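The structure appears below as structure tokens.
Below, chain A is the first sequence line, B the second, and so on; all start at residue 1. Keep in mind it's a predicted model, so treat the numbers as computed, not measured.
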Amino acid sequence: MDSKYTSVGREKEHRITYDLKVKRKKLSVESNSKNIKEVEQNLCFNGLCQDSNNKINNSLPNDVSEDLQEARKTLPVYQVRFRLLEEIRKHNTMILIGETGSGKTTQIPQIIHEHRLEGKGCIAVTQPRRVAAITLAMRVAAETNSEIGSIVGYTVRFEDVTSSHTKVKYLTDGMLLREAMTDPLLKKYSVIILDEAHERTVNTDVLFGIVKLAQKERDEHKVNTLKVIVMSATMDVDAFRKYYNNCPVIYLEGRTHPVTIYHSKTKHEDYQYAAVCTIFQLHATTPADQDFLVFLTGQEEIETVMSNIKQIAKEAKGPQIRVCPLYAGLPAVKQLQVWKKTPPGMRKIVLATNIAEASVTIPQIKYVIDTGVVKERTWCTSTGAERLVVRACSQAAGWQRAGRAGRTTAGAAYRLYTAADFAARQQHNTPEIVRCPLSSTMLMLIATGMDPSTFPLLDSPPRDSIQAALILLKEIGAIDNENNPKLTVLGKKMTAFPIDPKYSKILLCAPEHNCLEEALSLVAVMSSENVFHTPLHKREEALKVKQKFISPLGDHITLLNVYKAFCKAPLKKQWCRENYLNHKNLSYASEIRQQLLGVCQRLNMTVSSCGTALDQLLKCLLSGLFTNCAWARAGAGGGGRYVTSAGVAAMLHPSGVLHAVRPAPPAVLYTELLHTKRSYLVTVSAIQPQWLHQVAPEYARRCRANR
DNA sequence: GAGCACTGC
């Protein structure tokens, strides 16, 4: 609450209007800005451009398939289908660039299937997100007038809606990766379409390589040919072409409404402040039915700006305002507010994180206010510490954000940074694979029979990062050595679990500690997202209700208590609301538990409970997380200061239950090392130092030697 | 005594 804005609010009589006036001058915008439409048109060639109209509408009436057929015919893709077919026939690999609304994702699989280009095989279309895979499949099933799960189906985690005669299958890229672990040649597919390639998720990047190798090998061994189509919005086409041996690139026109871009003339020191000023400047001059979308970096920032807007709105001219926060950690019920229509004469202002950039679409947005920043997670190879850093977003992200103003009508985007600033930014987001931990990915590659040192990646991660992942896998016993890694028996079992390898190690060790029952619950919760929801202004209350779950043993047992209580609660949604817990994430954890239990049963593991002997569970946790130990620093007065086995000085995070405990435990295990203002251990439990010798003797000896 | 962006199996 200590923001600069609060002080503006407190002295509102004489300051708000003054500041806004000043800002109004400063913020006057350039009108010679680019128009997204123009940019799109410049991208078209090859005679494939047609002007047309289309939108995948989620609320489509599903009773009239004739209408759907008519709608299909108006799509840009439809107009050029024969030309496209010819290209697909001629080439086994191609890149297809198409903007939003070109219809590429729904139509191209259908066109291929209508002409039976897939032969006896199946057409796979990958998506980075579950919802997209599901809704696209449903749309295409409706268009082909077929039952979902027959000709057209989808596969996502927890859900497989396909059958033996499915020919067009939408699936998440993670799902196709898992299939590749049992069949690296992906023989059941004759066409694989990798969609949203520009997002460059780890999974898509790995798939690029898997598919490339599968194609080559199938060619050499005369197995049925594999056609690969990489689809994307604008992206680094040259790099992609090179990667795919100079394959052809085809451009399709999309259909969005024109969006006018405005840049600030001067640099703003404080983008939150500039955002609030811009909001009220637009608010005073535009009709109430035109909604705003503001891009911010996170929960706290959104909450601060929200309360500032509410304060200023009491004084400001213009229509009534409804402010809607939107971030992933927000309970689903509150997220829904964003899609609720406001009464006439009331304006909706959505304050969102990156979630609104691609994951969700809000209709009726007329103005986008882009602060130009994003919060990004980075990771340090040598210490294993993670950082959340606010940094300038890429040009591609800037265009993506601006495009959100042109979904329903022509709109405008206000960039709170200068045109020169924009031009100086990096063109594309840094691919995730070069900035995240790779142990899961490496384990998966090895399980698929790939050699991590020669596997073709479009962008290679730092050598350290690969090395660190292999060392960890060796450490937890998943592979036999780091240089020419082969899976061990344990490692093979680990790959059966769709979770972090450290967590699968915990589960695999649980039977010998007699605590698989508890380990399953805990690993499921740890694999889900944060279950605690702490709104800024209700923090005290949220902390108070948390008390009843707290275990003196630490955060892990506390999480277990939360999960157990959740399972027992009869009215779960209401119970979660009362206890400041996130229902969505707890339900997700319970689905994960179900899935993990299935894997354990297939592996014939004994599911038993340690009852009140929670030491057993902590030892078991340690057997997977033994590289995450920290020891209290000798002589550090007051306690709470630790040093990790990698030698990083860190403190217990104040949100943890051990934070207030005195004397501080001499040794702890932590789930996460997070660097913000200082280094903190997050999600921590106390351990007996001798446990480390029991569960990981070799590692313990080396630690001792180093300390 | 401080704050976690977003996906996925």
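Heavy-atom minimum distance, A:H556 versus A:S685: ND1-OG, 2.7 Å.
For the pair A:R425 and A:Y417, the cation-pi criterion (under 6.0 Å, within 45° of the ring axis) is fulfilled.
For A:Q335, there are no side-chain hydrogen bond (donor to acceptor under 3.5 Å, both in side chains) partners, not counting sequence neighbours. For A:A396, the side chain to side chain contact (heavy atoms under 4.5 Å, CB included) partners two or more places apart in sequence, or in a different chain, are A:S394, A:H428.
Here A:R157 lies in heavy-atom contact (under 4.0 Å) with a base. Within the nucleic acid shown, A:V156 comes within 4.0 Å of sugar-phosphate atoms alone, with no base atom in reach, counting heavy atoms only. Counting non-hydrogen atoms under 4.0 angstrom, A:F497 reaches nothing in the nucleic acid. Backbone-only contact: A:Y327 has heavy atoms under 4.0 Å from sugar-phosphate atoms and none from a base.
Toward the 5' end of DNA chain B, the nearer of the two residues A:R435 and A:S440, judged by each one's closest nucleotide, is A:R435.
When the nucleotides B:dC4, B:dG8, B:dC6 are ranked by their closest atom to the side chain of A:T172, B:dG8 comes out on top. With B:dA2, B:dG1, B:dC4 as the choices, the nucleotide that has an atom nearest any side-chain atom of A:L388 turns out to be B:dC4. Among B:dA2, B:dC9, B:dC6, the nucleotide with an atom closest to any side-chain atom of A:Y588 is B:dC9. With B:dT7, B:dC4, B:dA2 as the candidates, the nucleotide lying closest to the side chain of A:R377 is B:dC4.
Counting to the nearest Å, the C1' atom of B:dG8 and the CE atom of A:M526 are 18 Å from each other. Atom CD1 of A:I433 and atom P of B:dC6 are 22 Å apart (whole Å). The separation between A:E357 atom CD and B:dT7 atom P is 12 Å, rounded to whole Å. Distance CG (A:L674) to C1' (B:dA5): 12 Å, rounded to an integer number of Å. Whole-Å rounding puts the A:H198 NE2 to B:dT7 C1' distance at 13 Å.
For B:dC6, one of the phosphate oxygens OP1 or OP2 lies less than 4.0 angstrom from a side-chain nitrogen or oxygen of A:T353.
Against DNA chain B, the stretch residues 294-303 of chain A makes heavy-atom approaches under 4.0 Å through A:T297, A:G298, A:Q299, A:E300.
Remark: the A:E672 side chain and the B:dC4 base include a donor-acceptor N/O pair separated by less than 3.5 Å.
A salt bridge links A:R200 to A:D459: at least one charged side-chain nitrogen sits closer than 4.0 Å to a carboxylate oxygen.
Proximity of A:Y588 to A:R157: side-chain heavy atoms (C-beta onward) are separated by under 4.5 Å at one or more points.
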